[in-house]
> 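Handing you this structure, nothing more for now.
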Amino acid sequence: MTSAYPDLRAEPASFRDPANRVFHRGDDVLRGLDERAATDWRALAGSDFFAALLAEGKVCDTVETSPAPPGWSAVLRHERIPFVSHPYEWSHGMLRDAALLHLDILQAALPEGFTTKDGSAYNLQWRGVEPVFIDIGSFAPVRDGEPWAGYRQFCQTLLYPLLLGAHLGLDFQPLLRAQVDGIEADQIRRLLTGRRRFRPGVLTHVHLHDAMQRRNAQSSTAEVRNQLRDAGYSRDLAVATVRRLQRLVRRLDRSPPASHWIDYQRTCGYTAEDRTAKERFVAASLTAGPPTRLALDLGTNDGRYARLAARHAEYVVAVEQDPGVVDRLYRELRAEGEQRILPLVMDLADPSPGGGWRGIERASFGDRARADVVLALAVVHHLAVGRNVPLPEVVAWLAGFGRPGTRLVVEFVHPEDPMARRLLANKPQDTFPHYHRDEFERLLAAHGHLEERLRLPSGSRTLYRVVLSG
């Protein structure tokens with residue numbers, strides 16, 4: 001380690017390509033390149049198509065800097081993405097737009113003599129609701145006669161999940177979360193049989209792809225490349241394949257399904273006076289301390305308070321359990337041109353764990369989410385009563401998203417509230433003897449200074465602002 005990089009930390013998710021590796025130094029995101037990767041980068045940086053992608057914001061801002069870390073021939077500095085998310089936290093529309101961006105980049109690269117070595121959904125991140133390609137080390141010169149090396153990854157992490165949603169109405173998030181490398185062709189083939197084989201994309205990209213993989217299971221990659229080259233596979237055919245994939249992915253839309261949670265804001269029982277008082281309290285809490293760099297809105301639903309937070313925070317991560325609700329919010333935010341809110345799909349009673357190699361290749365949500373303001377509005381009762389999480393655990397979990405000085409804005413729904421009564425009615429009597437306001441306030445005080453409280457006009461809900469002590 002040179003004196004220029006005394007605190008360089010390797011990114012746990014960046015180890016699969018030995019030609020380059022991502023590191024962190026403070027707030028800097030750096031990428032070390034070996035000699036060949038450095039040569040490829042300089043050719044890429046001098047190309048017109050890459051300059052256009054940078055200007056359009058389709059790839060992350062990247063410049064070469066110096067000196068290179070020990071063991072590397074060159075080093076790049078990338079823009080820092082506001083919040084790193086994983087594909088199993090995205091909605092159908094988000095995954096579809098990410099797939100289209102990946103194909104757009106490949107379509108621009110191929111005629112200029114470049115390709116992408118990878119096709120993984122993990123090569124993309126988000127600036128609000130705009131996808132951005134981050135794996136600059138994936139670009140490499142294309143060799144005539146060779147297929148796209150990233151095709152299999154593209155299918156497993158992008159195309160197959162979209163087929164599940166568009167053709168079967170299934171949510172892909174649990175499968176992607178369970179398998180870091182995505183959905184295998186053999187897995188999805190078993191779901192798309194009979195007449196379903198003839199739905200768009202299935203015969204070619206599932207059944208034929210699976211058959212080809214099984215037929216060539218004993219062949220080396222070099223042997224398969226030679227077979228394709230001998231068969232006349234060309235760069236023009238590669239470009240045509242990308243265009244067909246683009247047309248297919250555009251067809252794989254899925255309208256957000258009907259859901260109880262889509263109408264929650266209308267059915268949850270707030271009066272107009274409650275809403276006004278709640279919005280004033282939240283707005284005052286967002287401006288009650290130092291400037292807010294990152295805000296979390298846990299249980300965002302239709303994004304009402306995420307939008308409010310975005311007026312006062314640099315960036316907002318809005319989390320909701322229902323994929324259909326998140327997809328609707330995503331589409332609305334795209335239409336509005338909102339760049340400071342990232343909507344994510346996540347069950348707060350089962351948040352994203354660490355995954356991949358050693359459980360750290362994909363960081364858990366808790367490890368990624370350290371915020372200046374945490375909004376937990378109408379969430380506590382769903383966890384403590386609806387999901388049987390002990391109230392002390394709920395409060396400690398919420399406090400864990402912050403650091404000393406973080407403002408926690410939390411709503412407590414009293415046991416006599418209609419929504420709480422509905423949840424309690426489905427539980428054995430006296431299951432939650434400690435679910436009451438005094439106990440909740442005692443727990444909050446154990447984690448920080450209870451700065452402000454407001455009982456809403458209806459009388460059955462109270463809002464709190466707590467400055468966490470660590």
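Numbers here are sequence positions counted from 1.
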> Is there a donor-acceptor pair under 3.5 Å between the side chain of Q125 and the backbone N or O of S85?
yes
> Measuring from Q187:CD to R189:CZ, what's the distance to the nearest 0.5 Å?
10.5 Å
> Angle between ring planes, W41 versus F50, binned at 30° and 60°: parallel, tilted or perpendicular?
perpendicular
> Would you indicate whether R293, at its atom CZ, is surrounded by more than 12 heavy atoms from other residues, nucleotides or ligands within a distance under 6.0 Å?
no
> Atom CZ of residue position R77 - does it have more than 12 heavy atoms of other residues, nucleotides or ligands inside 6.0 Å?
no
> Has H167 got a side-chain atom pairing as donor or acceptor with L252's backbone, closer than 3.5 angstrom?
no
> For salt bridge (charged side-chain N to carboxylate O under 4.0 Å, His left out), just list the numbers for D135 and R31, CA-CA rounded to whole Å, side-chain angles, deciding distance to a tenth of an Å, and then say yes or no.
CA-CA 10 Å; D135 191 10; R31 183 185 298 269; 3.3 Å; yes
> Given salt bridge (charged side-chain N to carboxylate O under 4.0 Å, His left out), test D118 with R16 step by step and report yes or no.
CA-CA 11 Å; D118 308 305; R16 297 195 179 210; over 6 Å; no
> Without swapping roles, check the side chain of T292 against the backbone of D372 for a donor-acceptor pair under 3.5 Å.
no
> Using a distance-only test with no angle check, is there a side-chain donor-acceptor pair under 3.5 angstrom linking S364 and D367?
yes
> Around atom NE2 of H434, are there more than 12 heavy atoms of other residues, nucleotides or ligands at under 6.0 Å?
no
> What is the ring orientation for Y88 with Y122, classed by angle as parallel under 30°, tilted 30 to 60°, or perpendicular over 60°?
perpendicular
> Once the angle between the rings of W72 and F23 is folded into 0 to 90°, is it parallel (under 30°), tilted (30 to 60°) or perpendicular (over 60°)?
perpendicular
> Main chain of A166, side chain of H92: is a donor-acceptor contact present, judged purely on distance under 3.5 Å?
no
> Would you confirm whether Q179, through its side chain, and D181, through its main-chain N or O, come within 3.5 Å as a donor-acceptor pair?
no
> Tell me whether R370 at atom CZ has more than 12 heavy atoms from other residues, nucleotides or ligands lying less than 6.0 Å away.
yes
> May I ask you to check whether over 12 heavy atoms, not counting those of E35, lie within 6.0 Å of atom CD?
no
> Please check if the number of heavy atoms outside R368 that lie under 6.0 Å from its CZ is greater than 12.
yes
> Kindly assign one of parallel, tilted or perpendicular to the pair F412 and Y435, based on the angle between their ring planes and the thresholds 30° and 60°.
tilted
> How long is the gap from CD on Q339 to CZ on R127, to the nearest 0.5 Å?
8.5 Å
> Return the orientation label for the F49 and F114 ring planes: parallel under 30°, perpendicular over 60°, tilted otherwise.
tilted
> So, Y151 and H205: side-chain donor and acceptor under 3.5 Å apart, yes or no?
yes
> Just by modelled atom types, is the A378 backbone N or O under 3.5 Å from a matching donor or acceptor in the E411 side chain?
yes
> Going by the rule salt bridge (charged side-chain N to carboxylate O under 4.0 Å, His left out), which residues pair with E184 if we only count those two or more places apart in sequence or in a different chain?
R152
> At their closest point, which heavy atom of M419 faces which heavy atom of H381, and how far apart are they?
CG-NE2, 3.5 Å
> Donor-acceptor pair, R307 side chain versus D302 backbone, under 3.5 Å?
yes
> To the nearest 0.5 Å, tell me how far Y315 OH sits from W126 CH2.
9.5 Å
> Short question: side chain of D274, backbone of S458 - any donor-acceptor pair under 3.5 Å?
yes
> With sequence neighbours excluded, give me every ring pair (Phe, Tyr, Trp, His ring centres under 6.0 Å) pair touching residues 236-256.
none
> With a 3.5 Å distance limit and no angle check, can you tell me whether D327 reaches the backbone of G93 through a side-chain donor-acceptor pair?
yes
> Does the pair D347/R387 count as a salt bridge with the N-to-O cut at 4.0 Å?
yes
> What distance separates T62 OG1 from I136 CD1, expressed to the nearest 0.5 Å?
4.0 Å
> Keeping E320 on the side-chain end and N301 on the backbone end, is there a donor-acceptor pair under 3.5 Å?
yes
